[in-house]
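Single-structure report; data block below.
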Amino acid sequence: MSVDIDATRATRFDPSRRRLLAAFGALGASAALSLWPRLNLAATGADTRLLVVLLRGAMDGLHLLPPQGDADYARLRGALAVGDALRLDGHFGLHPALPFAHQLYARKQLLPVLAVAPPYRQRSHFDAQDCLENGSDRPGGARDGWLGRCVGALGDDAAGVAVAQVMPLAMRGSERVATWSPPLPRPLDDALMLRLQTLYAADPQLAAAFDDALQVEDAEMAGGMAGSGADAGTNTGTPTVTATATAGRRLGGFRLPDALAAAARRMRGAEGARVGFVEDTGWDTHRGQTQALQRKFGELDAGLRAVEQGLGTDWARTVVVLATEFGRTAAVNGSGGTDHGVGSHALLAGGAVRGGRIAGDWPGLGVRDLHDGRDLRATTDLRALFKGVLLTHLGVPEAAVESRIFPDSSAVRAMTGLV
Amino acid sequence: MSSPSQLSAVNRFGLGARPGELAEVAADPRGWLIAQLRPAHVPEGFAGLPSSLELLRIRGELLRGALEQTAAQTRPAAARQAGQDDRMPVDAAQRRAARTRAMPEDRRAGARTLVREGVREIGLRYAHAATTAQPFQERLVRFWSNHFAVSADKNAARSQAAPMEREAIRPHVLGNFADLLLAVETHPAMLLYLDNVASVGEGSRLADVAERRAARRARMAAAGIDADDEMAQTAPPRPVRVPGLNENLAREILELHTLGVDGGYRQDDVRELARAISGWGTPGPRQLANAEHAFVFRAVAHEPGARTVLGRRYAEDGLEQGRAILRDLALHPATARHLSLKLARHFVADAPPPALVERMATAYLRSGGALPALYRAMVTDDAAWSPQARKFRTPDDFVVAAMRAGDLALGDDARGLLRLLDGLGQPVFTPRSPAGFPDTTADWATGDALRKRVQAASALAARMRSPLLPAELARQTLGSDAVGGDLGALLRRAGSPQEGHALLFASPAFQWRV
């Protein structure tokens, strides 16, 4: 079965405005006109924003967008099936812990893309994440990341920010990418920094990083470091709190909504970073999936709300991509969870997204539809989605996208009609 | 003047120099390291820490109490009607108050014990690292802890991660890798963290019973009989969950712990290994009181039958079946290469010389998997002593090196240290995934991270107990060459010893293991 495949899907992107208009000709003149301002932006790439959120651990797409009308779904998932999903279209619902995302869908600012995966078909988290982040067709296929190379291909004044304590592979490859994480509670002694400058300038491997350190401002966001490790055992006896109201507020923790809010602050305004990257863990639900994902989806929803609030008017020029390294088994496993699989779903959110519909090809859950008889098949290479966003939303030149950013990927056509 | 090898012995292979240590190494850096490959003095105080079994019992009590409390809270209406319990409060406010009271003192004490003993163990671990005269061995312990990473992020495994290092890794760090592997994979920390406690063979007796129960319920539902009176009032009877296989631990054993991701195994091997180790778990709630070990083999949950892993057949042999597979995995050439590469990358360089890795793997296989042979092959190989090789210190390395250099006062409570490492991006025993903390410069050396090191350096310098002035401390930890140039000049000009110590810890030279 195929769901709302975009009419222009097969159209190869061409950066000239006239050809683009021609490509949208099928939509009729008025539709094309209403799209004009966006296309204009995209053609120059002016001031658009891209925030990529990597959900590490394999987020279960079937739990996020339960195919409610599907008898195979109920059969495969049993008690794990999500029964009270929010309605999207006749076939797919949205997990009930995501009411804000559901509003976005109604506002046509949320676009689920079905059955995606990086071009890697084994089931190692770490290799799959490596493949997704390095942008090649295999783990270890590049030493830096496609988003880092993307920042490099944007103009000299474009910057990237990764909300992370260590530089994620996806964002490596450009000196204009910085990391940010909550500062230590102790104030930084600027005099000390300045005196160390000459020493670091002499260290070829650390000089650039130290320059970044001098630029960072951390006048915000204290109080995040109360030390989850320090309180080892505090929560041991109490059952997990699942209320979405408290999502992300572990004792002093810095969770996904905080990270997304921090990214939005750094991407906002004329000086803001064009490209942002946020990562999250805790999606590897081998057991207790119902409870775990109730909490994680609540965090995700709170995070999306934080991005919209944090970006303010820049939300209109933003695409947020939520992706994961692979999906999970179509059937529930023996312990109320799911094991490593292949296809999952991605979500695009933001004011620039052409949402309110569902994109991608649904491969179905019948026994013969499944990959190796066990996993949702992946029908779209995640690179096709990423390429589409880079070309039409950020306005990255096609030559850079096809050669440097996603090497050896000419067979993977960019998705169109995403923004 | 110190030769580079002395510096490498204490920094590249050790935990950073304590004042005087460079002199101890003297003329024989290799000998100094090899002499450390004898049983270490067990840190004082470790003997008094609770065993993993005791910790399981405390946690079991907490869970039981929480469950009973939840059950009690769902009963008030019925109890009120029956008039059986006149203490049962009637309105919400009273119920809330009662709930707080109902958290009985012994449960609160249990929770406090877990936290207190957990923090105490961390304190002992770092105090030992800061003072040990066998720092090479301690580095190896920490290397294996990260190789077999268990994250305290997972609630169930939280209080077991540090005990796993103490009970499973320390006793085997100088032994055979197969024994280390078996000790780790049967430790409750690993069984809980990677979900093997919930894995049940599909053809096991336990699955069989559950299947029959499910079928009975389905038949009764079809016939219009309610299987369970209580449920008749609410929803249709829920399907009975038939337990089954969980392949999480089996996959990570192959991918992370032994062969490595390119080690030549396939999905079928993952399933077969998962079946072989189904039933490996921890004592159930009712067994805990009388249990003698924190590991149990639950025959009722074990998948019966022969297994085939990597083309080799293993006859049904209960617990022995899985153990035999692990012993063979330990001696597989892919495992030898994987372990050698990780060790060389950890100690020598982000991209270690392939020939070094190859020679280490050969020595490992030739010795039948003896870890000291593997370590010895590394430190006796000239390629491991290249003056060009260097490693950027991870936050944990950085903090331990500062503690050793400055004889830092930890205080009676490790909480400050835990907060510091959390802020620096390497929360103790809390890696983001079963792959452990990353181990290359690119992972750690970012601007944000350097900024935090400068902040941390000030905090650490405030805890100095060493009487040495900054330039002398630099000479005794980083070698004479370090104080000859700009760093020495900067340290001598510092406005106070404390400022000088902060500059030393924050300097680029202190961030590298050379």
Side-chain angles (χ1 to χ4, degrees), chain A residues 56-57 78-79 123-127 139 165-167 172 178-184 186 188-189 192-193 195-196 198-200 202-203 205-206 209-213 215-216 225-240 281-282 286-287 333-337 339-340 372, chain B residues 59 62-63 65-66 107 110-111 114-115 118-119 152 155 158-159 195 198-200 238-239 241 243-248 255 261 267 415 418-419 422-423 425 427-428 430 432-433 435 438 441-452 454-456 458-459 486-487 490 502-503 506-508:
Chain A
R56 296 185 192 274
R123 297 183 182 84
S124 155
H125 290 300
F126 319 112
D127 271 3
Q165 281 167 319
V166 301
M167 182 64 81
R172 290 188 201 160
T179 61
W180 184 88
S181 59
L184 293 170
R186 188 184 186 87
L188 182 80
D189 183 346
L192 203 61
M193 288 293 286
R195 295 170 66 184
L196 288 160
T198 47
L199 294 181
Y200 275 94
D203 187 316
Q205 265 179 287
L206 299 181
F210 195 77
D211 278 348
D212 285 349
Q215 310 297 324
V216 181
M225 311 314 302
S228 47
D231 300 289
T234 320
N235 296 331
T236 308
T238 35
T240 316
T281 57
H286 287 276
R287 38 173 179 148
N333 70 8
S335 44
D339 291 325
H340 300 183
D372 290 347
Chain B
R59 189 164 178 278
L62 287 173
L63 287 176
R107 260 181 66 207
L114 285 181
V115 176
V119 173
N155 213 5
R158 183 171 294 183
S159 51
D195 303 313
S199 187
V200 172
R238 285 205 316 177
R241 199 177 83 195
L245 218 52
N246 186 310
E247 61 186 47
N248 203 11
E255 177 183 332
V261 70
Q267 176 62 27
R415 280 167 218 255
L418 284 159
R419 274 192 289 272
D422 203 6
V428 180
T430 315
R432 289 183 313 189
S433 80
T441 304
D443 294 310
W444 296 107
T446 65
D448 186 61
L450 289 181
R451 200 174 163 82
K452 285 179 178 138
V454 177
Q455 285 176 283
S458 303
D486 291 347
L487 176 60
L490 191 65
L503 283 167
S507 69

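Per chain, numbering begins at 1; letters A, B, ... match sequence-line order. Nothing here was measured: the structure is a model prediction, and the numbers come from that model.
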Which distance, rounded to the nearest 0.5 Å, do you find between the CZ of B:R451 and the OG1 of A:T179? 11.5 Å

Which one of B:L490, B:D486, B:D195, B:L245 has the most heavy-atom pairs closer than 4.5 Å to chain A? B:D195

Leading residue by heavy atom contact count with chain B [cutoff under 4.5 Å; candidates A:G337, A:S335, A:G334]: A:G334

Please state whether the side chain, the backbone, both or neither of B:V454 comes within less than 4.5 Å of a heavy atom of chain A. both

As an exercise: rank B:A442, B:G110, B:A449 by heavy-atom pairs under 4.5 Å with chain A and give me the winner. B:A442

Heavy-atom pair of closest approach, residues A:F126 and B:S433: CE2-OG, 3.3 Å

Please check if the side chain of B:N246 supplies one atom and the backbone of A:H286 the other of a donor-acceptor pair under 3.5 Å. yes

If I measure from the heavy atoms of chain A, does B:E247 come under 4.5 Å with its side chain, its backbone, both, or neither? both

Contact origin within A:R172 toward chain B - heavy atom pairs under 4.5 Å: side chain

Partner residues of A:D203 under the side-chain contact (heavy atoms from CB on, under 4.5 Å) criterion, sequence neighbours left out: A:Q205, A:L206, B:R390, B:P508, B:W512

Contact class of B:L487 relative to chain A, heavy atoms under 4.5 angstrom: both

What's the separation between atom NE2 in A:H125 and atom CZ in B:R432, rounded to the nearest 0.5 Å? 13.0 Å

Shortest non-hydrogen contact from A:A209 toward B:A445: CB-O, 3.7 Å

Which answer fits B:S199, side chain, backbone, both or neither, if we ask what part of it has an atom under 4.5 Å from a heavy atom of chain A? neither

Can you tell which of A:R123, A:M193, A:M167 has the highest number of heavy-atom pairs within less than 4.5 Å of chain B? A:R123

At a 4.5 Å cut-off on heavy atoms, which part of A:T281 comes close to chain B: side chain, backbone, both, or neither? side chain

Of all heavy-atom pairs linking B:A198 and A:R287, the shortest is CB-CD, 3.7 Å

Could you tell me if the side chain of A:R195 sits less than 4.5 Å from the side chain of B:L503, heavy atoms only? yes

